[in-house]
Amino acid sequence: SQRVLQNLAAGITLMLFRPFKIGDKVVIMSGGGAPVEGYVKDILLFETRILTPDKRLISIPNAGVYDGGPIENLYGSKQRRVQILVQTAGLT
């Protein structure tokens with residue numbers, strides 16, 4: 001069917017361009033549903049599997065991963081930004 005071919009094409013594209021790799025922490029907008037956040041466990045030809053923080057394994061069809069919207073790769077950069085709020089008491 002057409003959806004199977006879309007998932008296959010998206011899977012090949014994900015494997016070629018590698019917006020994320022196994023072990024990366026990602027947030028994926030999958031086809032209009034709620035965003036899925038977790039660690040990439042598998043990238044297969046037809047689906048990508050994400051392990052959520054509450055230990056649920058979610059399989060997302062690759063067409064939904066690729067066409068669903070932005071993919072936020074939280075481990076995609078070697079640099080991290082840390083914000084620390086420091087308050088000081090006034091000295092008198």
Side-chain angles (χ1 to χ4, degrees):
S1 87
Q2 183 179 2
R3 193 68 179 162
V4 171
L5 292 177
Q6 288 173 334
N7 285 325
L8 177 62
I12 292 169
T13 302
L14 287 171
M15 290 178 183
L16 287 175
F17 292 106
R18 299 180 187 261
F20 49 79
K21 63 184 183 308
I22 293 174
D24 282 355
K25 185 174 184 180
V26 295
V27 178
I28 296 175
M29 302 298 291
S30 71
V36 176
E37 179 177 348
Y39 295 90
V40 178
K41 295 304 282 181
D42 291 303
I43 304 167
L44 306 171
L45 275 180
F46 296 100
E47 66 184 27
T48 296
R49 295 182 183 152
I50 307 292
L51 183 64
T52 65
D54 59 353
K55 305 297 184 207
R56 292 181 299 141
L57 187 62
I58 308 244
S59 296
I60 305 171
N62 283 335
V65 173
Y66 190 72
D67 296 334
I71 299 169
E72 184 178 1
N73 185 342
L74 302 175
Y75 287 176
S77 173
K78 292 181 182 180
Q79 297 179 345
R80 298 284 180 261
R81 178 181 172 181
V82 177
Q83 286 185 297
I84 301 174
L85 177 62
V86 178
Q87 294 180 333
T88 58
L91 298 175
T92 57

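Just so you know, these numbers use all the heavy atoms, side chains as well, and skip hydrogens, waters and symmetry mates.
Between the side chain of Asn62 and the main chain of Leu14, no donor-acceptor pair closer than 3.5 Å is present.
Between Ile43 and Met15, the closest heavy-atom pair is O-CE, 3.4 Å. Heavy-atom minimum distance, Tyr66 versus Ala10: CB-CB, 3.7 Å. For the pair Pro53 and Glu37, the tightest heavy-atom approach, listed with the atom from each and the gap, is CD-O, 3.4 Å. Shown here for Gly64 and Arg3, the closest heavy-atom pair between the two residues is N-NH2, 4.1 Å.
A 4.5 Å side-chain heavy-atom check between Met29 and Pro35 finds at least one atom pair inside the cut-off. In this structure, Ile60 and Ile50 have side chains that are in contact, with non-hydrogen atoms separated by less than 4.5 Å.
Counting only N and O atoms by type, the side chains of Asp24 and Asn73 include a donor and acceptor under 3.5 Å apart.
Criterion: ILVMFWY side-chain heavy atoms under 4.5 Å apart, direct or through other members. Under it, Ile22 and Leu57 are not part of a common hydrophobic cluster. Connection of Val40 to Leu51 is not established within any shared hydrophobic cluster, with ILVMFWY side chains joined at heavy-atom distances below 4.5 Å, either directly or through further cluster members. Connection of Val4 to Ile12 is established within a shared hydrophobic cluster, with ILVMFWY side chains joined at heavy-atom distances below 4.5 Å, either directly or through further cluster members. The cluster map of Ile, Leu, Val, Met, Phe, Trp and Tyr, joined by side-chain heavy atoms under 4.5 Å apart, puts Leu16 and Phe46 in the same cluster. No single ILVMFWY cluster, assembled from side-chain heavy atoms under 4.5 Å apart, contains both Leu5 and Leu44.
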Determine, step by step, whether Val36 and Val27 satisfy the side chain to side chain contact (heavy atoms under 4.5 Å, CB included) criterion, reporting the C-alpha distance in whole Å, the side-chain angles of both residues, the deciding distance to 0.1 Å, and the verdict. CA-CA 6 Å; Val36 176; Val27 178; over 6 Å; no
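More than 12 heavy atoms of other residues, nucleotides or ligands shown are found within 6.0 angstrom of CZ on Phe20.
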